[in-house]
Protein chains: 2
Amino acid sequence: MKKDVSTEQKIKDAARKVFMTKGFSGCTTREIAKSVGINVALLNYYFRSKGKLFELILEAALSDFVDSMVEVFKQDLPLESKTRMLIDKEFEFLRKHPELPLFIHAGLNQESDAELDQSNFLGRLHKTGIFEECEKAQEEGSMRKLNMINVTLLFISNCHFPIMSKKLICGIYQIDDNEHEARLIEHQEIVKEMLINYLFPNTNKHA
Amino acid sequence: MKKDVSTEQKIKDAARKVFMTKGFSGCTTREIAKSVGINVALLNYYFRSKGKLFELILEAALSDFVDSMVEVFKQDLPLESKTRMLIDKEFEFLRKHPELPLFIHAGLNQESDAELDQSNFLGRLHKTGIFEECEKAQEEGSMRKLNMINVTLLFISNCHFPIMSKKLICGIYQIDDNEHEARLIEHQEIVKEMLINYLFPNTNKHA
DNA sequence: ATCGTTTTTAAACAATTGTTTAAAATAAGT
DNA sequence: ACTTATTTTAAACAATTGTTTAAAAACGAT
């Protein structure tokens with residue numbers, strides 16, 4: 001233990017911020033070093049290369065993303081409540097990290113290797129028991145019978161995309177940040193109702 | 001008229017392909033020139049700079065994206081049929097240009113200026129009369145009352161995201177291209193049913 | 001064929017890139 | 001205090017970047 005925050009961690013933090021906003025090839029190692037206030041060579045001292053550092057950041061971002069889901073799945077709540085909570089948490093989380101979705105997708109497409117499951121994301125999701133829970137609900141008839149990949153797609157699409165498409169939407173509809181934020185707040189409720197109605201069609205339509 | 005296809009167009013085509021897959025700062029002018037088979041200097045002869053060329057490609061991509069929507073809106077069909085057609089056309093279009101959504105979003109975030117509406121996308125959408133059509137349907141009660149921005153978000157989220165998240169989904173769920181394609185085909189129907197049910201709640205639930 | 005214009009090229013430009021080397025500064029162990 | 005190991009720096013490295021310059025090639029019109 002040398003510093004309050006180790007240099008290594010400070011570099012990671014700065015790299016995360018820079019990579020997130022500018023992407024891998026959109027920034028330079030010197031830019032990162034400068035934002036930490038250290039020499040360029042120190043980057044290669046702690047991490048072997050720019051690419052290695054990037055992989056680390058990307059991996060961590062993916063981990064955060066999965067973590068926010070796992071946290072909800074572990075809750076002891078009925079499936080429908082979990083669904084609501086998942087959407088709320090996801091919107092809340094992404095509002096704090098709006099660059100995350102685009103960063104992840106752009107990052108994954110940049111790296112051809114993409115050894116994505118060295119962190120065993122699927123395993124961590126499985127351990128929450130959410131898949132069995134859905135399977136049971138589907139057999140009971142309370143939940144619509146869908147492949148879990150499609151269920152995942154529905155959730156991520158409707159939570160991530162509204163956040164990451166801000167520039168597109170503001171550009172096309174010529175609205176400012178405030179109006180966009182207002183749309184987003186409304187959208188959160190829309191998504192919740194739409195997904196619940198679709199996934200659990202037999203329960204109460206209007207509470 | 002000099003060539004079958006002008007050099008200018010050949011450069012645009014090559015630049016489009018390269019920019020789409022690698023992004024603005026992910027590629028070099030020499031890479032583009034090489035893929036056309038011409039000298040680097042010719043890029044700056046026809047287009048003034050790499051940035052100018054990129055803006056051109058991005059603008060064209062956005063235009064394609066809006067065009068595919070306008071084409072559907074102009075059809076003389078009931079609103080619900082247009083909805084189905086829009087989703088089908090969008091999936092069909094994006095299957096042919098799967099890099100487009102990510103390219104647009106990454107591109108918009110790279111350019112701080114983003115004078116997005118010099119092509120007057122909103123005007124082109126307005127001219128189709130789709131907004132009035134929805135407003136009328138909403139007053140009649142056949143369509144759920146939502147801000148059109150939220151409606152747009154629902155459509156794009158559920159059409160674009162499934163395509164652009166291929167690497168993420170394949171990575172997490174450890175599936176190959178074939179399995180992913182199968183999920184996508186199913187997802188197209190899922191999205192159609194979910195959106196129709198949500199936007200037009202009073203019509204037939206199960207045909 | 002000849003002249004002027006357009007298109008294309010080779011070469012060079014200065015700036016920036018990621019990375020390495022070798023030395024300096026700092027910390028730790030004895 | 002002295003020695004060793006760790007951390008940090010300045011400087012240099014070769015390669016690559018976007019762009020420009022000036023000359024060559026191709027073309028069009030007369």
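Below, each value reflects all heavy atoms present in this structure, side chains not excepted, and no hydrogens, waters or symmetry copies. Letters go in sequence order (proteins before strands), and every chain restarts at 1.
- The distance from atom CD1 of Ile190(B) to atom CD1 of Ile87(B), rounded to the nearest 0.5 Å, is 12.0 Å.
- Remark: Glu31(B) engages Val18(B), Lys22(B), Cys27(B), Thr28(B) in a side-chain contact (heavy atoms from CB on, under 4.5 Å) (not counting sequence neighbours).
- Secondary structure note: stems in DNA chain D built from 3 or more consecutive Watson-Crick or G-U wobble pairs under 3.5 Å occupy C:1-13 with D:18-30, C:18-30 with D:1-13.
- If you take NZ of Lys34(B) and P of dA10(C), they are 13 Å apart, rounded to a whole angstrom.
- Residues passing the side-chain contact (heavy atoms from CB on, under 4.5 Å) test with Thr21(B): none are found, sequence neighbours excluded.
- Counting non-hydrogen atoms under 4.0 angstrom, Tyr46(A) reaches the backbone sugars and phosphates but no base.
- At least one donor-acceptor pair closer than 3.5 Å links the side chain of Gln138(B) to the backbone N or O of Leu146(B).
- The cationic atom of Arg144(A) (NZ for Lys, CZ for Arg) lies less than 6.0 Å from the six-membered ring centre of Tyr198(A) and within 45° of the ring axis.
- Heavy atoms of Leu43(B) sit nowhere under 4.0 angstrom from any nucleic acid atom.
- Applying the side-chain hydrogen bond (donor to acceptor under 3.5 Å, both in side chains) definition to pairs two or more places apart or across chains, none involves residues 35-51 of chain B.
- Using cut-offs of 30° and 60° for the angle between ring planes, the His126(B) and Phe131(B) rings count as tilted.
- When the P atom of dT8(C) is taken as reference, atom CG of Leu42(B) falls 5 Å away, rounded to whole Å.
- As rounded to whole Å, 14 Å separates atom P of dT7(C) from atom NZ of Lys10(B).
- Rounded to an integer number of Å, the gap from Glu8(A) CD to dT8(D) P is 10 Å.
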Query - Annotated protein contacts, base or backbone, on nucleotides 11-23 of chain C with a non-hydrogen cut-off under 4.0 Å, one of B, S, - each - result: -B----BBBBB--
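- In this structure Glu181(B) satisfies the side-chain hydrogen bond (donor to acceptor under 3.5 Å, both in side chains) test together with Arg95(B), sequence neighbours excluded.
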